[in-house]
Amino acid sequence: MLEKIPVFNSVAFPVPQDFDRVVDIANNLWWSWNSPGHQLWTSLAPRLWEQSHNPVELLRAIGPEQWHTLTQSESFTDRYRDAVTAFEHYMDSDDTWHGTHGRDGDCIAYFCTEYGIDSSLPIYSGGLGILAGDHLKSASDLGLPLVGVGLLYRRGYFHQEIEADGDQQHIYPTLDLDDLPVRPVTATTGGQLRVSIEVPGRVVQAAVWRVEVGRIPLLLLDTDVPENRPSDRPITHTLYVRGREMRFAQELILGVGGVKALDALGIAPTVWHVNEGHAAMSMLERLRNAVGSGIPLDTAREQVKERTLFTLHTPVPAGNEKFDRALSAKYLGPVAEGIGVEVGELNEWASSNGEEMFDLGALAIRFANNVNGVSARHGEIVTRDWSHLIGHEAISVTNGVHTPTWMGREGSRMLRNDFGMEWATKLLENPDDIKRLSEVNDYLIWQWHQNRKDAFTTFARGRLRRQFARHGQSPDELGSLENLLPTDRLTLGFARRFATYKRATLLFNDLERITELLANPDRPVQLVFAGKAHPADDHGQALIRRLVELSRLPQLVGHIHVLEDYDARIARYMVQGCDVWVNSPRPPMEASGTSGMKAAINGVPNLSVLDGWWVEGYTGDNGWVFGSEEPNDDWDAADAHDADDFYRVLEEEVAPLFFDRDDEGLPTGWIEMMRRAIDTSLVRFSAHRMVAEYYEKAYHQQ
Ligand SMILES: *Cc1c(COP(=O)(O)O)cnc(C)c1O
């Protein structure tokens with residue numbers, strides 16, 4: 001698939017010819033989940049790497065003198081050779097899962113508004129983006145012929161700073177594309193490929209860029225080009241931009257422009273996977289193409305539906321992306337005309353429950369023969385709420401995580417030694433082999449976990465130092481941070497978007513009770529929080545403020561920590577280095593959730609409300625449940641009940657098991673729980689399983 005999308009180099013790297021493949025490796029995010037790639041960067045420039053974690057930036061920063069030293073260094077040249085060998089082997093291998101289970105001629109287009117592949121390419125916000133990134137990585141590992149389509153946000157998503165009083169500050173970076181692993185797609189006429197999208201009274205051009213995710217190409221559209229009016233250039237600047245009209249324009253570019261980009265490259269997908277409603281306007285563009293080629297509207301509609309899979313990620317219709325009809329009226333005239341209908345007809349297609357809104361979720365459902373929820377329970381909810389539009393049951397494909405990305409160093413090394421670089425694919429084929437990991441003796445499992453906990457602690461102290469220095473704390477105060485987060489305490493992690501339904505402050509419902517539990521001298525507990533709230537979400541931001549206030553209460557100081565600027569890198573530290581992963585959504589609002597899966601594969605058991613993936617994941621011996629799984633409209637009563645239950649489980653089950661040590665200081669019962677967490681998640685909640693299931697249930701059917 002990559003070959004179909006030619007690119008050229010717009011940046012020159014001062015790299016000696018004998019080592020020029022470092023540029024190819026820097027430009028392919030393969031390095032981010034394969035250790036020979038990682039090791040290449042750490043041996044190239046350890047200190048720079050620690051600072052930026054961005055190989056493209058690294059290569060631009062290294063001068064001829066440094067290269068001269070490097071080329072003399074045996075350790076570097078060895079690492080280089082290993083990385084090139086592994087990379088070539090990966091890219092050239094024909095022996096893939098799709099080669100065995102798939103069929104020739106497949107071509108899957110995957111549309112999503114955000115992609116979280118690595119923190120060095122900051123065009124994602126949270127769970128949806130990380131899921132899409134994991135989807136591309138697993139598709140690559142499995143050899144699926146898939147192409148991703150998205151937008152290149154030059155102002156990314158905001159960086160979060162948390163002030164001393166808990167206020168969230170939004171800092172929008174300006175990304176230098178020369179520092180990113182994106183390259184211009186070549187137009188047949190030379191130069192960078194552009195696609196044209198009609199908007200009221202003019203045409204907006206979008207430049208097309210290519211990112212490489214292993215074997216998978218990801219196309220990104222970008223309206224910041226000189227041919228556009230200055231006022232149109234920022235359309236694709238900011239992910240989840242607040243202005244509704246700007247958002248509509250952005251999603252028009254994604255849907256319509258994305259289809260045009262594939263067309264221009266001669267890519268004819270056999271299946272279109274629209275991941276969440278933001279990209280639903282792609283369906284209108286496809287309909288326009290079909291009608292334009294002479295196919296009657298009704299037949300064209302059927303054709304579009306037959307080849308479309310739509311994935312919903314929200315459990316309530318109110319969560320869909322919706323716009324005022326003034327916007328469809330303003331923007332969709334040309335599209336409607338091309339289809340041969342009035343805009344009013346498009347509004348009908350995008351209507352739901354009689355609301356006068358342009359609802360992208362409803363539009364997508366009407367144009368997709370396959371609609372899926374992202375967990376078994378969510379699939380049932382989608383069927384219940386939407387079957388009047390779908391006409392049949394929704395399917396469900398439970399989310400998963402890309403295990404090579406999220407697995408800690410020691411576990412990965414062992415799996416790689418036993419099963420080779422492609423261990424995740426091997427485990428998918430032979431799930432019984434998981435036991436290799438969990439059969440490791442008690443001492444080693446515990447040791448590995450302590451290593452991850454130490455790494456997380458060091459990282460968190462560094463982050464807090466930076467945070468508190470900005471708040472103006474004294475050198476002595478900053479020095480005392482070295483004693484923060486003692487590793488002998490039971491550490492509970494909670495990190496995700498601060499959306500109100502996730503109830504980040506639930507645990508403080510009874511302040512006296514939680515204080516007693518955290519500050520228990522025999523079984524001390526600490527809580528670490530991280531997450532961003534959307535800039536327009538005042539309630540979410542209030543939760544952060546509340547947590548910061550709590551963390552400063554004299555009786556709680558040192559037991560609660562709030563880390564700023566949550567991203568994929570912090571997520572990795574946390575899901576590997578906490579002891580327990582807490583999740584407290586208001587049921588049934590968690591469609592799936594994925595951070596708990598990342599924790600589980602690392603032997604970090606979940607302590608969670610039964611909602612989303614945990615309904616399927618919980619086996620009775622691989623973690624804990626608390627609270628009620630039933631929806632309850634009396635929120636105060638539900639919160640009080642769920643919080644009380646949390647205290648009970650923490651006090652009676654979690655803490656005693658953690659602090660119960662044998663003669664050698666090992667918590668043997670706890671370690672058994674860790675084993676069960678790994679065994680019940682490593683394949684079942686992997687993105688490899690998810691992508692294979694998408695293939696079998698939906699991609700392959702079409
Ligand atoms: C995994 C992940 C999420 C999703 O977390 P949930 O618990 O599923 O909400 C969000 N943000 C980042 C950076 C992640 O890595």
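Not measured: the values here are computed from a predicted model. Numbering of ligands and ligand atoms starts at 1, following listing order.
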Looking at CG of D579 and NZ of K453, how far apart are the two atoms once the value is rounded to the nearest 0.5 Å?
->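 It comes to 3.5 Å.
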Starting from [atom], which protein heavy atom do you reach first, and at what distance in Å?
| atom | value |
| --- | --- |
| atom 14 (C) of ligand 1 | K598 NZ, 2.9 Å |
| atom 12 (C) of ligand 1 | Y566 CE2, 3.6 Å |
| atom 10 (C) of ligand 1 | G127 N, 3.3 Å |

Tell me if the centroids of the rings in [X] and [Y] come within less than 6.0 Å of each other.
| X | Y | value |
| --- | --- | --- |
| H402 | H688 | yes |
| Y153 | H237 | no |
| F456 | H449 | no |

Show which atoms of ligand 1 fall inside a sub-4.0 Å distance from at least one heavy-atom site of [X].
| X | result |
| --- | --- |
| A571 | 15 (O) |
| G593 | 8 (O) |
| G126 | 10 (C), 11 (N) |
| I130 | 12 (C), 14 (C), 15 (O) |

Between Y618 and W614, how do the two ring planes meet: parallel, tilted or perpendicular, split at 30° and 60°?
->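 Tilted: the ring planes of Y618 and W614 meet at 30° to 60°.
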Whether Y172 and F158 hold their rings parallel, tilted or perpendicular, with breakpoints at 30° and 60° =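 Y172 and F158: tilted rings.
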Look only at interatomic distance and state if [X] has a nitrogen or oxygen under 3.5 Å from any nitrogen or oxygen of ligand 1.
| X | result |
| --- | --- |
| Y124 | no |
| T594 | yes |
| K502 | yes |
| D567 | no |

Can a donor-acceptor pair be found between the side chains of S438 and D679 at a distance below 3.5 Å?
->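 Per modelled atom types, S438 and D679 side chains form a pair under 3.5 Å.
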Side chains of T457 and D454: is there a donor and an acceptor less than 3.5 Å apart?
->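 The answer is no; no qualifying pair exists.
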Would you say W406 touches ligand 1, if touching means a heavy atom closer than 4.0 Å?
->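 Yes, W406 has heavy atoms under 4.0 Å from ligand 1.
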Tell me, please: is R497 in heavy-atom contact with ligand 1, that is, under 4.0 Å?
->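 Not so, R497 does not reach ligand 1.
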Check each heavy atom of S595 against ligand 1 and say whether those closer than 4.0 Å belong to the side chain, the backbone, both or neither.
->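 The answer is both, backbone and side chain.
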For D611, which of E590, E629, R586 qualifies under side-chain contact (heavy atoms from CB on, under 4.5 Å)?
->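 Looking at E590, E629, R586, the match for D611 under the side-chain contact (heavy atoms from CB on, under 4.5 Å) is E590.
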